[in-house]
Engineer: 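Take a look at this one; I'll ask things after.
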Amino acid sequence: MRIAYLDCFSGISGDMFLGALVDAGVSPKLLEDTVAALDIGARLEISRVLRGGISATKVDVYVNGEKDLPREVFWQQREEQTVWGRGSAPPRTEQSPVPTQHKHKHRRSLAEIREIIEKSAISSTAKAIAIRIFETLGEAEAAIHNTSVERVHFHEIGAVDALVDIVCAAVGAESLAVEEWVCSPLNVGGGTVKCAHGTLPVPAPATLRLLRDAPVYSSGPQVELVTPTGAAIVKTLSSRFAAFPAMKIEKAGYGAGNREFSEHPNLLRLTIGEAGLADSAAASLVASPTSNELIMNEKIINEKIINERIMVLEANLDDLSPQVLGYAMERLLAEGALDVFSVPVQMKKSRPGALLTVLAKMEDANRLTKLIFEETTTLGVRRREEQRQTLSRRWQTVDTAWGPVRIKIANMNGSVSNYAPEYEDCRTLAEAQHVPLRTVMQEAIQQYLRGERKA
């Protein structure tokens, strides 16, 4: 299975994602043609730069001949212009470019954005991805401002440069033919950021909403590292958040951010590879069934059935609040557990309790054991190695009456053995469109089956 891994050690923004795509092999002409297809007066400038001594690709958006500015720079300079008055200008440095007036003044509704994307000459899959990214952003803004998504007007993310970032992200992601996107925990930065609603703490409200249930942390420079656009791209594309996955690496790309940091290179790293081939290579390292030092992640692919060694972690809990147990299970999944579940048990002295079970990759077992100790009241965690068989899986996007939904498809012996709509996609649409969840799920399945019959 072809997978892509996003290393967000310096956060993520739309332009960093585009840079990483180009650096990983996406044709610059493909993105330039995409911008031309939008017909919104924009163009791309793609260049090689250094960040912390590492060569990377920098993608800048120009609208009507003027370069896009980071939003905090734009709003800071707008504030300076207001203070100094219309007839004068504040003193500037080389790091303080003249602000342009095309940014952030374009107020577009989601319907207008959909229309622009639908009219563009890009594939239907790329259109669905781009629209879903904007819908994800709109849902976050609507929740923050206590309104409906259709009434949200995108004063920032609806600007021309954001349209370019998001649509090019969708087209570039599709061109890589990746079956699964995986994302690292995200470094959100710190401090405050200036935006349309004033000075706010990092992460900004929309970013914070978008990163709900995602593992995040703050390290390094006290600036905004994850933008709303970057967060929406990750939220839409990624199927899970985890440490670097097992793969046979095919290529990697680095996308550069605007700033140069002393603490770390301001880069987004994109690594692409084949999970199945890496698993076979790992299996060939096994010297004997007892050589635990070499059996880190043994998998043998046979007729699309993958055999792998995993670690099973268990703990008995009889004095933990159900709310805390639920939170601990969510944390374990977010930190890369393969599966987490609990079952009711009768413990000593007839006390009711719960048996917490965690399935983990061999290399994640110690880290997840530590998390169990941190988040629960257990005094001990049992562990054992087991063999697990899984089917090869892939993703396919279908269009429903309410928006795109991903379908998870399992294969065996070259045939589809199972399929199911992605719950989170269906839930998001059901909540946004006020329709029953079952209705959305049934429609997604019907659309998938119609497509299969046509094929």
Side-chain angles (χ1 to χ4, degrees), residues 4-20 51-52 56 69-76 133 136-141 143-145 156-157 161-162 165-166 169 181-244 254-271 327 330-336 367 371 374-375 424:
Y5 186 70
L6 289 170
D7 250 321
C8 301
F9 61 91
S10 189
I12 180 172
S13 62
D15 60 317
M16 292 173 75
F17 185 72
L18 298 189
R51 291 291 182 267
L69 292 177
R71 66 172 182 168
E72 67 274 16
V73 174
F74 171 77
W75 288 108
Q76 181 178 353
I133 294 172
T136 301
L137 278 166
E139 288 154 10
E141 289 282 355
I144 290 167
H145 299 299
E156 293 191 33
I157 57 179
D161 46 281
D165 284 345
I166 290 172
W181 288 81
V182 185
C183 185
S184 73
L186 296 101
N187 184 3
V188 298
T192 59
V193 61
K194 291 183 182 294
C195 58
H197 304 293
T199 300
L200 296 168
V202 170
T207 305
L208 193 63
R209 180 82 181 185
L210 289 162
L211 294 181
R212 187 172 56 178
D213 298 328
V216 302
Y217 64 98
S218 175
S219 177
Q222 294 299 287
V223 297
E224 181 183 52
L225 296 181
V226 177
T227 66
T229 300
I233 291 171
V234 164
K235 184 84 169 180
T236 304
L237 292 181
S238 299
S239 63
R240 58 190 171 97
F241 297 89
F244 200 100
Y254 293 87
N258 286 299
R259 296 182 177 88
E260 181 78 76
F261 298 139
S262 60
E263 294 90 342
H264 62 248
N266 188 18
L267 299 169
L268 172 69
R269 185 171 70 179
L270 169 61
T271 308
Y327 174 79
E330 291 175 0
R331 280 288 314 278
L332 287 161
L333 286 169
E335 290 296 327
R367 181 170 54 83
L371 184 58
E374 291 174 348
E375 295 292 351
E424 289 297 337

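Just so you know, residue 1 is the first one in the sequence shown, and it goes up from there.
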Engineer: How far does CE of Met16 sit from CD1 of Ile233, to the nearest 0.5 angstrom?
Structural biologist: 11.0 Å
Engineer: Looking at side-chain heavy atoms only, is the closest gap between Pro185 and Phe241 below 4.5 Å?
Structural biologist: no
Engineer: Does Leu332 form a side chain to side chain contact (heavy atoms under 4.5 Å, CB included) with Glu375? I'd like the steps, not just the answer.
Structural biologist: CA-CA 9 Å; Leu332 287 161; Glu375 295 292 351; over 6 Å; no
Engineer: Nearest 0.5 Å, what's the CG-CG distance between Asp161 and Asp15?
Structural biologist: 9.5 Å
Engineer: Partners of Tyr254 by ring pair (Phe, Tyr, Trp, His ring centres under 6.0 Å), sequence neighbours excluded?
Structural biologist: none
Engineer: Which pairs would a plain distance check flag for residues 213-222, meaning a side-chain donor or acceptor within less than 3.5 Å of a matching protein atom at least two apart in sequence or in another chain?
Structural biologist:
residue: Ser218; atom: OG; partner: Gly189; partner atom: O; Å: 2.5
residue: Gln222; atom: OE1; partner: Gly191; partner atom: N; Å: 3.2
residue: Gln222; atom: NE2; partner: Gly220; partner atom: O; Å: 3.4

Engineer: Is Leu267 close to Ser10 at the side-chain level, that is, under 4.5 Å between some pair of heavy atoms?
Structural biologist: no
Engineer: Has Arg51 got a side-chain atom pairing as donor or acceptor with Gly257's backbone, closer than 3.5 angstrom?
Structural biologist: yes
Engineer: My understanding is that only residues two or more places apart in sequence, or in another chain, count here; which of them pass salt bridge (Lys or Arg N to Asp or Glu O under 4.0 Å) with Arg240?
Structural biologist: Glu180
Engineer: Just verifying a value: how many Å separate Leu200 CG and Leu208 CG, rounded to the nearest 0.5 Å?
Structural biologist: 11.0 Å
Engineer: List the steps and the verdict of side chain to side chain contact (heavy atoms under 4.5 Å, CB included) for Leu270 and Leu6.
Structural biologist: CA-CA 5 Å; Leu270 169 61; Leu6 289 170; 3.9 Å; yes
Engineer: Would a distance-only check, ignoring hydrogens and angles, find a side-chain to backbone donor-acceptor pair under 3.5 Å from Arg367 to Glu335?
Structural biologist: yes
Engineer: If you look at every heavy atom in Ala231 and Leu211, which pair is closest and at what distance?
Structural biologist: CB-CD2, 3.9 Å
Engineer: I'd like to know if the side chain of Lys235 reaches the main chain of Leu137, judged simply by a donor and an acceptor atom lying under 3.5 Å from each other, with no hydrogens or angles considered.
Structural biologist: no
Engineer: Indicate the atoms forming the closest heavy-atom contact of Ala204 with Val193, along with that distance.
Structural biologist: CB-CG1, 4.4 Å
Engineer: Listed by chain and number, what are the ring pair (Phe, Tyr, Trp, His ring centres under 6.0 Å) partners of Phe9, not counting sequence neighbours?
Structural biologist: none
Engineer: Quick one: list whatever passes salt bridge (Lys or Arg N to Asp or Glu O under 4.0 Å) with Arg269, sequence neighbours left out.
Structural biologist: Asp7
Engineer: Can you tell me how far apart CD1 (Ile12) and OG1 (Thr207) are? Round to the nearest 0.5 Å.
Structural biologist: 11.5 Å
Engineer: At their closest point, which heavy atom of Ala162 faces which heavy atom of Thr229, and how far apart are they?
Structural biologist: CB-OG1, 4.5 Å
Engineer: Strictly distance-based, threshold 3.5 Å: is any side-chain N or O of Glu260 a donor or acceptor partner for the main-chain N or O of Gly52?
Structural biologist: yes
Engineer: Rounded to the nearest 0.5 Å, what separation is found between the CG atom of Asp165 and the OG atom of Ser13?
Structural biologist: 7.5 Å
Engineer: By ring pair (Phe, Tyr, Trp, His ring centres under 6.0 Å), which residues pair with Tyr327, not counting sequence neighbours?
Structural biologist: none
Engineer: Atom CD of Glu263 and atom CG of Asn187: how far apart are they, to the nearest 0.5 Å?
Structural biologist: 10.0 Å
